[in-house]
Amino acid sequence: MMLIPTHHFRDIERKPEYLQPEKCVPPPQPGPVGTMWFIRDGCGIACAIVTWFLVLYAEFVVLFVMLLPSRDYVYSIINGIVFNLLAFLALASHCRAMLTDPGAVPKGNATKEFIESLQLKPGQVVYKCPKCCSIKPDRAHHCSVCKRCIRKMDHHCPWVNNCVGENNQKYFVLFTMYIALISLHALIMVGFHFLHCFEEDWTKCSSFSPPTTVILLILLCFEGLLFLIFTSVMFGTQVHSICTDETGIERLKRKHQPREHRGSWKAVKETFGGNFSLNWFNPFSRPCDPEPLNDRAWVRQVASLSDTDNTETTEEQSEERKDEDSVEVIDE
């Protein structure tokens, strides 16, 4: 009899040979610690470049159209410092979200030799991704762009050219927050600048000609409004996902499986790195990392968890998730 936990809702193939672990290539040699993570995706790279270009465009308009020509030096200095600080934090968060491993599962470890070396007990279950040939833990999903299974994958974001997973969700949240803040700040400054120019001569409120000034400000206003709405929605969605301990993919597929929730506050602390402090808003501080485990240790851990509460799957559940995941059952 094939047994699986009820909280997986995954496809079950009743023929063990479906896995064909002998066709998996041996796992690659692990790279050095701290190896940079970068996805070579043309669309994602283009979106990341556009993101930086738009931030730098806003920087140009704020500095050279609104702040430097202003006669109020206190106003210019304060707003210049605030805007540049937020822009720096936004771009730093973007880099960390793009260049941080989101939680990739070791690739190609579902070999016949590796599965046999686990020496799992009868009834224990391990899951295998047929796309990247890896043994995957619960709540991991395969990304067709990254070509890897990602732990707690929320979604793949082309704007950061990376998946949003358990290791870089903090940086993505900070990126959306800081972009929303600089967009709001830019919109407020554009409003004040228009009022100032209407009261005085347009030739004195900017170092550019009046038509050029108007076009640059309108473009910045459109950009700020668009990204304020977009990033605010993304920020709220991510915070909701963290507090409910439910990823975007799980909501999309309605995977309301009965599982133990860690609690909102505990999930927030694990995502942002410990108890509340300024490090929560620091893109250079890392989130709480679980105790590192090698491939064999975490596979044993997952298999043990699967063995604690297993029941027979139904054919209806199998049909719902057909062709997504496979399962390997060790039975003596």
* **Intermediate values then yes/no, side chain to side chain contact (heavy atoms under 4.5 Å, CB included), W37 and L99** => CA-CA 5 Å; W37 173 274; L99 303 178; 5.7 Å; no

* For E59 and V55, run side chain to side chain contact (heavy atoms under 4.5 Å, CB included): C-alpha distance rounded to whole Å, both residues' side-chain angles, the deciding distance at 0.1 Å, then the answer. => CA-CA 6 Å; E59 182 82 16; V55 174; 5.7 Å; no

Do [X] and [Y] come close enough that some side-chain heavy atom pair is under 4.5 Å?
X	Y	value
Q238	Q169	yes
C133	K107	no
V105	P137	yes
L174	L89	no
L67	M189	yes
N275	K269	yes
S241	E246	no
S93	F172	no

* Asked: How about F192: does its CZ atom have over 12 heavy atoms from other parts shown lying under 6.0 Å from it?
  ->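 Counting other residues, nucleotides and ligands, CZ of F192 stays at 12 neighbours or fewer.
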
* Asked: Just wondering, are more than 12 heavy atoms of other shown residues or ligands nearer than 6.0 Å to CG in L278?
  ->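 Counting other residues, nucleotides and ligands, CG of L278 stays at 12 neighbours or fewer.
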
Using only atom types and a distance under 3.5 Å, with no angle test, would you say the side chain of [X] pairs donor to acceptor with the backbone of [Y]?
X	Y	answer
N168	R96	no
T271	A267	yes
S70	D72	yes
D154	G165	no
S277	N279	yes
N162	A97	yes
Y57	L216	yes

* Asked: Could you go step by step and tell me if L91 and Y178 meet the side chain to side chain contact (heavy atoms under 4.5 Å, CB included) rule?
  -> CA-CA 9 Å; L91 294 179; Y178 288 128; over 6 Å; no

Atom of [X], atom of [Y] and distance for their closest heavy-atom approach:
X	Y	answer
N79	H185	OD1-NE2, 2.8 Å
T176	T231	O-CB, 3.5 Å
C95	W52	SG-CZ2, 3.3 Å
P158	C47	O-CB, 3.2 Å
I179	A90	CD1-CB, 3.9 Å
A104	I150	CA-CD1, 3.9 Å

In the single-linkage hydrophobic clustering (I, L, V, M, F, W, Y; side-chain heavy atoms under 4.5 Å), do [X] and [Y] co-cluster?
X	Y	answer
F276	V268	yes
M234	W280	yes
L56	F83	no
F235	F281	yes
V62	I182	yes

Quick one: [atom1] on [X] to [atom2] on [Y], what's the gap to the nearest 0.5 Å?
X	Y	atom1	atom2	value
F222	L226	CZ	CG	5.5 Å
I218	E223	CD1	CD	14.0 Å
I81	L86	CD1	CG	12.0 Å
I215	S209	CD1	OG	8.0 Å
C146	R40	SG	CZ	12.5 Å
L217	M66	CG	CE	6.0 Å

* To do: Indicate whether the side chain of H94 and that of W159 have a donor and an acceptor atom separated by less than 3.5 Å.
  =>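 The criterion, which ignores hydrogens and geometry beyond distance, is not satisfied for W159 and H94.
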
* **Residue pair S285 / K170, side-chain donor-acceptor N/O under 3.5 Å** =>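 The answer is yes; a qualifying pair exists.
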
* Asked: M153 and C143: side chain to side chain contact (heavy atoms under 4.5 Å, CB included), yes or no, with the steps?
  -> CA-CA 8 Å; M153 174 181 169; C143 175; 3.9 Å; yes

* To do: Flag the pair K152 and D245 as a salt bridge only when some basic side-chain nitrogen lies within less than 4.0 angstrom of an acidic carboxylate oxygen.
  =>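 Looking at K152 and D245, the cut-off is met.
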
* Asked: Does K147 pair with D41 as a salt bridge, N-O distance under 4.0 Å?
  ->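 Judged by the 4.0 Å cut-off on N to carboxylate O distance, K147 and D41 do not form a salt bridge.
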
